[in-house]
Amino acid sequence: MFEHLVSQHHVLGKPKKKRVRFYGSLLLLAGFILLSASNIGQGPQSAALGERDVIKGVQVDVYNQAAKGTNQLTDQTPRAMVFDFIIKTNKKQISLDALGITVNGLEDLDLLGDINLYHGDTQLGQVSKIVDNQLYFEINNYNLNQGKNNFYLSWDNINNELLEKTIEFAIVEATDIFVSYQNIFFMPDGEFPISSKKLNIIDTGELSSYNNLVNNKFLAVANQNQKLADFSLATMGESIKLEEISIAIEDALDAEGSFNLLNNKKVIAQSYIKNNNLSFKLIEPVIVKNNSDLSLQLQARLPIGEYKFSLVNAQGKGFVSGGTIVLDNNLALSEVVFLPSLAQFTSQSSITKLGDSWNALSTINVANLGLAAINIHKLSWSVEEFGVDVQNLELWINDQLYDADLNIDDNKVTATFWQEPLLLGDADLDIVLLAKTKILSEDSRLQINLLTDKETMLEENSDNNLLWSINDQMYNSYLLPNLPLAPVILE
């Protein structure tokens, strides 16, 4: 595609651009090919016989990081780096002489405006001409450093006529880039095409949201500071100076006090309920960076009750467009049930050795997260046996044998405490399920799981795996924190 390689200063001024139609460019190409055919080949090895000794051992490679996905730019972006690539050399005195960049997705390349080529911080010049769908940079004898040379295209003042266009820049083949060594021209090696990410031109940036909670329905202790929601705001197109966030609350008639909005454990805004809504005005400027996420948490102390939280608005000013950018989606954040207290179960064992005697099948600690006393009425375990005979079971509470009703039905063990419930007050409970076993084979194995409930309280107590109560109000294990526990394996 190059008509000539003429020596001149490597930093060009602002040459007048030309639109050269395809058929006219054929004459330029033909002239260049006739002049250069004797000394241009694919790589140093294809140079003329007399020149091979000169460029023997010269290696030039062109590459970039794999470019996938799409970046968004606004039509107000003053400058954007749109394509980067590396030219790697193994010797000094290697020069870059000419470069052609193909533009996909656009018919009239004159709409691009100012496209500049940079080597590091050095501007090498602007587009000298447009040949069909290619931007031609006539660089001529620009000396490359030995090693990696980082190049990029800068796009200044994006034309608003390009809105909704998706554009890609690429070095399509080796003939689009020419280098020289001691005035002998050749083409570098590389895995072509070498492309930029696709660039989508938009009017303003976009602001969206997503939930960080895996389970957004949970229990919490009343009148204690609790995390109520955890979500992120994400931008595309431009950075946004966040100004306001609104969160709606259902069933908040009895809720009082302040709500805190946090980022990186720092309070960035406070609000009070007004008309079932929280309106947060930020204490200090918070920036949602382009193509990045901002993680936010909502915290408060709430009385006993059920609450639903939804993100209904977030907005800020675009850094580039200067326009107000509003959240494009409402987001259900959480459903939280506040109770006077909660029982928290943790396992004290995971994999232990199975012996031909008494074995601890399950060792569980139970803590009270609130101030109200809790009664535990039922616990259940699944016990899967492989080459083991379970001959007897015992339940120990806080290092003492406990007279509990232990029932075995198939592979399920149930402990019930209807006459005298297990009282969980300020002190924790340590619960150990012991089994006397007889090993029947070398590959003997036991696996034990504390059984939990996958839905709210069922009418029949026998259908619930774990039962507890506060002030005679019965609950099962559905939504209790830390559950289910990891299985215990003895082998």
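Residue indices begin at 1 and follow the sequence shown. Values below: every heavy atom of this structure, side chains too, minus hydrogens, waters and symmetry copies.
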Between the side chains of [X] and [Y], does any donor sit under 3.5 Å from an acceptor?
{"X": "Asn411", "Y": "Ser382", "value": "no"}
{"X": "Glu394", "Y": "Asn392", "value": "no"}
{"X": "Asn359", "Y": "Thr437", "value": "yes"}
{"X": "Ser279", "Y": "Asn277", "value": "no"}
{"X": "Glu168", "Y": "Asn104", "value": "yes"}
{"X": "Gln59", "Y": "Asp189", "value": "yes"}

Heavy-atom side-chain contact between Phe259 and Ile247 under 4.5 Å
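No; the side chains remain at least 4.5 Å from each other.
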
Hey, what's the ring geometry for Tyr307 with Phe338, parallel, tilted or perpendicular (30° and 60° as the breaks)?
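Judged by the thresholds at 30° and 60°, the geometry between Tyr307 and Phe338 is perpendicular.
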
Describe, in one word, how the ring planes of Phe151 and His119 are oriented to each other, choosing from parallel (under 30°), tilted (30 to 60°) and perpendicular (over 60°).
parallel

Treating [X] as the side-chain partner and [Y] as the backbone partner, does any N or O pair qualify as donor plus acceptor under 3.5 Å?
{"X": "Ser334", "Y": "Phe309", "value": "no"}
{"X": "Thr235", "Y": "Lys289", "value": "yes"}
{"X": "Asn368", "Y": "Ala427", "value": "no"}
{"X": "Asn449", "Y": "Val383", "value": "no"}
{"X": "Ser196", "Y": "Phe169", "value": "yes"}

Counting heavy atoms not belonging to Asp328, are there more than 12 under 6.0 Å from its CG?
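Check passes, neighbour count above 12.
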
Centre-to-centre under 6.0 Å for His377 and Phe417, is that the case here?
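No, the ring centres sit 6.0 Å or more apart.
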
I'd like to check the ring-ring contact (aromatic ring centres under 6.0 Å, His included) partners of Tyr478; sequence neighbours left out, ordered by chain and number.
none

I need the full list of salt bridge (Lys or Arg N to Asp or Glu O under 4.0 Å) pairs touching residues 218-244, with sequence neighbours left out, sorted by first then second residue.
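Checked against salt bridge (Lys or Arg N to Asp or Glu O under 4.0 Å) - neighbours excluded - the pairs reaching residues 218-244 are Lys227-Asp230, Glu244-Lys281.
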
Under the salt bridge (Lys or Arg N to Asp or Glu O under 4.0 Å) definition, can you give me all pairs with a residue in residues 445-455, not counting sequence neighbours?
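Checked against salt bridge (Lys or Arg N to Asp or Glu O under 4.0 Å) - neighbours excluded - the pairs reaching residues 445-455 are Arg445-Glu491.
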
In this structure, which one of Tyr152, Phe83, Trp155 forms a ring-ring contact (aromatic ring centres under 6.0 Å, His included) with Tyr118?
Tyr152

Indicate the atoms forming the closest heavy-atom contact of Leu401 with Trp396, along with that distance.
N-CE3, 3.3 Å

